[in-house]
Q: 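Let me begin by handing over the structure; questions about it come next.
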Amino acid sequence: MIEALYDVSPAWPVIIAGLIAAAVPNHYVRKGLALVAPVLAGFLWFNVPSGVHTGGIIELGGFTLETFRYDGLSRIWGLIFIIAAFINALYGLHSKDRVGDASGLIYAGAGLGAVFAGDLLSLFFFWELTAISSVFLIWGSKTNEAYKAGLRYLAIHVLSGVMLLAGAVIHSADTGSWAFDESLSVNTLGGFLIFLAFGIKCAFPFLHNWLQDAYPKATVTGAVVLSAFTTKLAVYALARGYAGTDMLIWIGAIMTAFPVFFAVVENDLRKVLSYSLNNQLGFMVVGIGVGTELAINGAAAHAFVHIIYKALLFMSMGAVLYRVGTVKASELGGLFKTMPATAIFCIIGAASISAFPLFSGFVAKAMTLAAVAHEGHYIVWFILLFASAGVLEHSGIKIPYFAFFAHDKGHRVREAPVNMLMAMGIAALMCVYLGWPDMFGIPGGYRALYNLTPFPEVANEYPMWTFDHVVGQMQLLLAALFAFAFLVRMKWYPDEKRSINLDFDWVYRRAFDGTARWGHAMFGRLWASIGNVLAAARTRMGGRLFQAFSPMGAISRDIPSGMLAIWTSALLAIVLIIAYIAP
Amino acid sequence: MSDQSGKHDELVHPAARPFLWLDAKWLKSSMLWILLVLALGFAAIDLFHHRHEYVHVAETPGFYALWGFGSFVLAVMVGWFVIRGFLGREEDYWDGEGDQ
């Protein structure tokens, strides 16, 4: 332990590495930085003494910024962000993209900074930094649609930051405190604005479409990086500020359910994963809404394992995109013949997200479901159970089945590059390890996960590996798998076809945009009409002046000289009279 | 065009060759029955073992199996008929943005 480093947030080495990477043209140096920075961050994470620790205080302009708050909640989020940063760096080793390398590091560092922020101003700084740095991962695709999606992404996230700042200022004025803690409440204006800011980043219903819009258009590596930080940072922020807020239970329940329907008929498999991500966030949001220690543990554990298996799924689809050039389900199939390792890793990710026993999703999701039922939210519990079957549909079956099996489309590509396989391999190992039960007196891997949760005693008391749990989950999943086989056999399963489905983004991409264009056109026409009226008035006035003053005008008409002499004499007489009378 | 079965396809990865049976027709046609047997087998455990649940209705024998089957079918049907039916559009809908 190095005491001098107790106050250094793990965010700094990653951000600094990103800034250096932006200036370094050498590919190998940048990749070295990308791999070393998370290791340094990990060292700082391990270096902190156990328990609650506050440090990294910066006095600035009369404000006290707290850049390193280490406690049960930030500990688990910090560690998974560091792990994700390392896996992402490994996955992107083949990519010679200076901007992508730099933005990926700064983005990961900003995410870490936000997680360890102890006050709302520090949070705002890192919050905005995540938005600004991550947009380059979308623009890195260098396509017109990626550019437009990036702009929309940036606008929405900057709006989230502005709302966070406005809420923080109001909250501070009300309470006299900038602390980022459980004192936030949706019942105050400031607290509600901050809640909305978190909701945008967490992809609440109707605020969610930036996710499905931007992530599928990001670069191969960019989508993997994006999947790890932004939304999970928002989940952390909600857990920090709004645990036990009832509203979150229903918001989360809706989030688990509606993406399922969209994912079923989505052709772009990275977009399917984006909907799937939205669905998984719902489970975490429900847990935070319930707010008991078990539920918060469930949300934290879910976020931890989710980052790994979701990254694994995005990595596998990224490898497919890298090799085949598309991730459209309608154009894929049979890839297990040429990308067998990628297929296996994808299946492990799919099994994890579907919560098959022996995989990580099972041990995390169970806590949330138990907490929901224990607190008597039965309708929500049924919705979560429905969503669990839905997860199996879109991520458990659709992703691996249509990419690697289904109808062989004859793509004979090479297996993914070694660095991608290594990154996927590490993630797959973690998916299995974290779901592993106690066996022969040896503590299972899930104990490591439970020990990381904010309330480890509560987590370890939870009876995870019971016969009832395993049997119930297997019944649900096997029956859903049978339903898939049954629907396919009966030809009642929708074909994968080249199409898109409208979502709420239609409102701002078409309705608002159309209204704005219509308004612009109407204003143009109104302006033109006003111009025409003014021009006509000008013409009329000009004509009249011309008639009066032009050489042909009335004033220039020939007047008899005798008449002119009379008028001149009259005027002279008036002037003389005035001069005589005047004192 | 490559060989669909992959048996004589030199481009098939060596590690994948032992698993080419996954693409076999007999497996695809029998998968329905394999899964049916597994699903019924796990559901049948409830006839011999009483599960303890927070939600009492979940203690009904075969509850999770029925809920899993029904949820899956509901998700697919709503996705197919409601989402694709009402909200599905051509791929170039966004003015040639190429939104995939």
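In what follows, chains are A, B, ... by sequence order, proteins preceding strands, each numbered from 1.
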Q: Would you sort out whether A:Asp503 and B:Leu87 count as a side-chain contact (heavy atoms from CB on, under 4.5 Å), showing the intermediate values?
A: CA-CA 8 Å; A:Asp503 198 343; B:Leu87 302 175; over 6 Å; no
Q: Tell me whether the count of non-hydrogen atoms from other residues, nucleotides or ligands lying under 6.0 Å of NE2 in B:His50 goes above 12.
A: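 Above 12, so yes.
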Q: Tell me the closest heavy-atom pair linking B:Arg51 and A:Asp468, and the distance in Å.
A: CA-OD2, 3.4 Å
Q: Taking every non-hydrogen pair under 4.5 Å, which of B:Glu53, B:Met31, B:His52 racks up the most with chain A?
A: B:His52
Q: Chain A heavy atoms under 4.5 Å from B:Phe86: which part of the residue, side chain, backbone, both or neither?
A: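 B:Phe86 has no heavy atom closer than 4.5 Å to chain A.
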Q: Using a cut-off of under 4.5 Å for heavy-atom pairs, which of B:Gly41, B:Gly62, B:Ala16, B:Ala58 has the most such pairs with chain A?
A: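 Ranked by contacts with chain A, first place is B:Ala16.
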Q: Quick check: does any side chain N or O of A:Gln475 sit under 3.5 Å from a backbone N or O of B:Phe42, one acting as donor and the other as acceptor?
A: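 Yes: the side chain of A:Gln475 pairs with the backbone of B:Phe42.
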Q: Starting from the C-alpha separation in whole Å, work towards a yes-or-no answer on side-chain contact (heavy atoms from CB on, under 4.5 Å) for B:Leu22 and A:Phe405.
A: CA-CA 8 Å; B:Leu22 287 170; A:Phe405 302 97; 4.0 Å; yes
Q: To check you understand the geometry: which heavy-atom pair defines the closest contact between A:Ala373 and B:Val55, and what is its length?
A: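 Of all heavy-atom pairs spanning A:Ala373 and B:Val55, the closest is CB-CG2, 3.9 Å.
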Q: Could you tell me whether the side chain of A:Phe482 reaches within less than 4.5 Å of the side chain of B:Trp33, counting heavy atoms only?
A: no
Q: I need the residue from A:Arg510, A:Glu393, A:Glu415 with the largest number of non-hydrogen atom pairs under 4.5 Å to chain B.
A: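 Top option by heavy-atom pairs under 4.5 Å: A:Arg510.
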Q: Taking the ring centre of each residue, are B:Trp67 and A:Phe382 less than 6.0 Å apart?
A: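 Between A:Phe382 and B:Trp67, which both carry aromatic rings, the centre distance is below 6.0 Å.
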Q: I need the residue from A:His469, A:Arg270, A:Lys497 with the largest number of non-hydrogen atom pairs under 4.5 Å to chain B.
A: A:Lys497
Q: So which residue, B:Glu90, B:Met77, B:His49, ends up with the most heavy-atom pairs under 4.5 Å with chain A?
A: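 With the most close heavy-atom pairs to chain A, the winner is B:His49.
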Q: Side chains of B:Tyr93 and A:Arg509: is there a donor and an acceptor less than 3.5 Å apart?
A: no
Q: Where does A:Tyr378 contact chain B at under 4.5 Å (heavy atoms): side chain, backbone, both or neither?
A: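 Contact with chain B involves the side chain of A:Tyr378 alone.
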Q: Evaluate the side-chain proximity of A:Asp505 to B:Trp94: yes if any heavy-atom separation is below 4.5 Å, no if none is.
A: yes
Q: Got more than 12 heavy atoms from elsewhere within 6.0 Å of OH, A:Tyr147?
A: no
Q: So for B:Leu40, is it side chain, backbone, both, or neither that comes closer than 4.5 Å to the heavy atoms of chain A?
A: neither
Q: Rounded at 0.5 Å granularity, tell me how far NE2 in B:His13 sits from CE in A:Met339.
A: 9.5 Å
Q: Evaluate A:Glu266 against B:Arg84 for salt bridge (charged side-chain N to carboxylate O under 4.0 Å, His left out), listing each step before the verdict.
A: CA-CA 9 Å; A:Glu266 179 54 55; B:Arg84 183 176 282 178; over 6 Å; no
Q: Please flag which part of A:Val260 lies under 4.5 Å from any non-hydrogen atom of chain B: side chain, backbone, both or neither.
A: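 Side chain only.
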Q: With side chains defined as the heavy atoms from C-beta onward, is the minimum distance between A:Phe486 and B:Leu35 less than 4.5 Å?
A: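 With C-beta onward as the side chain, the pair stays apart.
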Q: Start with the C-alpha distance between B:Val76 and A:Phe484, add both sets of side-chain angles, then the distance that settles side-chain contact (heavy atoms from CB on, under 4.5 Å), and finish with yes or no.
A: CA-CA 9 Å; B:Val76 171; A:Phe484 173 71; over 6 Å; no
Q: As an exercise: rank A:Phe262, A:Trp506, A:Trp381 by heavy-atom pairs under 4.5 Å with chain B and give me the winner.
A: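 Of the candidates given, the most pairs with chain B belong to A:Trp381.
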Q: With rounding to the nearest 0.5 Å, note down the distance linking CG in A:Leu478 to CD1 in B:Ile34.
A: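 The distance works out to 12.0 Å.
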Q: What part of A:Ile397 gets closer than 4.5 Å to chain B, counting heavy atoms only: side chain, backbone, both or neither?
A: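 For A:Ile397, the contact with chain B is made by the side chain alone.
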Q: Do A:Asn501 and B:Arg89 have side chains that approach each other closer than 4.5 Å (heavy atoms only, starting at C-beta)?
A: no
Q: State, to 0.1 Å, how close A:Ala480 and B:Phe72 come at their nearest heavy-atom pair, and which atoms those are.
A: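 Nearest pair, atom of A:Ala480 first, then B:Phe72: O-CD1, 3.5 Å.
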Q: What is the distance from atom OG of B:Ser29 to atom CZ of A:Arg489, rounded to the nearest 0.5 Å?
A: 6.0 Å
Q: Of all of B:Ala75, B:Ala39, B:Gly88, which one pairs up most often with chain A through heavy atoms under 4.5 Å apart?
A: B:Ala75
Q: In the structure I gave you, are the side-chain heavy atoms of A:Val488 and B:Leu32 within less than 4.5 Å of one another anywhere?
A: no
Q: Give the intermediate values and the outcome of side-chain contact (heavy atoms from CB on, under 4.5 Å) for residues A:Leu385 and B:Phe63.
A: CA-CA 11 Å; A:Leu385 216 54; B:Phe63 166 80; 3.6 Å; yes
Q: Heavy-atom cut-off 4.5 Å, strictly under: side chain, backbone, both or neither for A:Ala370 against chain B?
A: both
Q: Supply the atom-to-atom distance A:Asp408 CG to B:Leu20 CG, rounded to the nearest 0.5 angstrom.
A: 9.5 Å
Q: Check B:Gly68 against A:Ala389 and note the closest heavy-atom contact, atom names and distance.
A: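 Reported closest heavy-atom pair: O-CB, 4.0 Å.
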Q: Measure distances from B:Val57 to the heavy atoms of chain A and classify the residue's part below 4.5 Å as side chain, backbone, both or neither.
A: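 Side chain only.
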Q: How long is the straight-line distance from CD1 of B:Ile83 back to CZ of A:Phe261, given to the nearest 0.5 Å?
A: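 That separation rounds to 7.5 Å.
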Q: Should the heavy atoms of other residues, nucleotides or ligands under 6.0 Å from CZ of A:Arg414 be counted, would the total exceed 12?
A: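 No, because the 6.0 Å sphere around CZ of A:Arg414 holds 12 heavy atoms or fewer from other groups.
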Q: Shortest non-hydrogen contact from B:Val73 to A:Ala483?
A: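 Shortest heavy-atom contact: CG2-CB, 4.2 Å.
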Q: Roughly how far, to the nearest 0.5 Å, is OH of B:Tyr54 from CD of A:Glu375?
A: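 OH of B:Tyr54 is found 9.5 Å from CD of A:Glu375.
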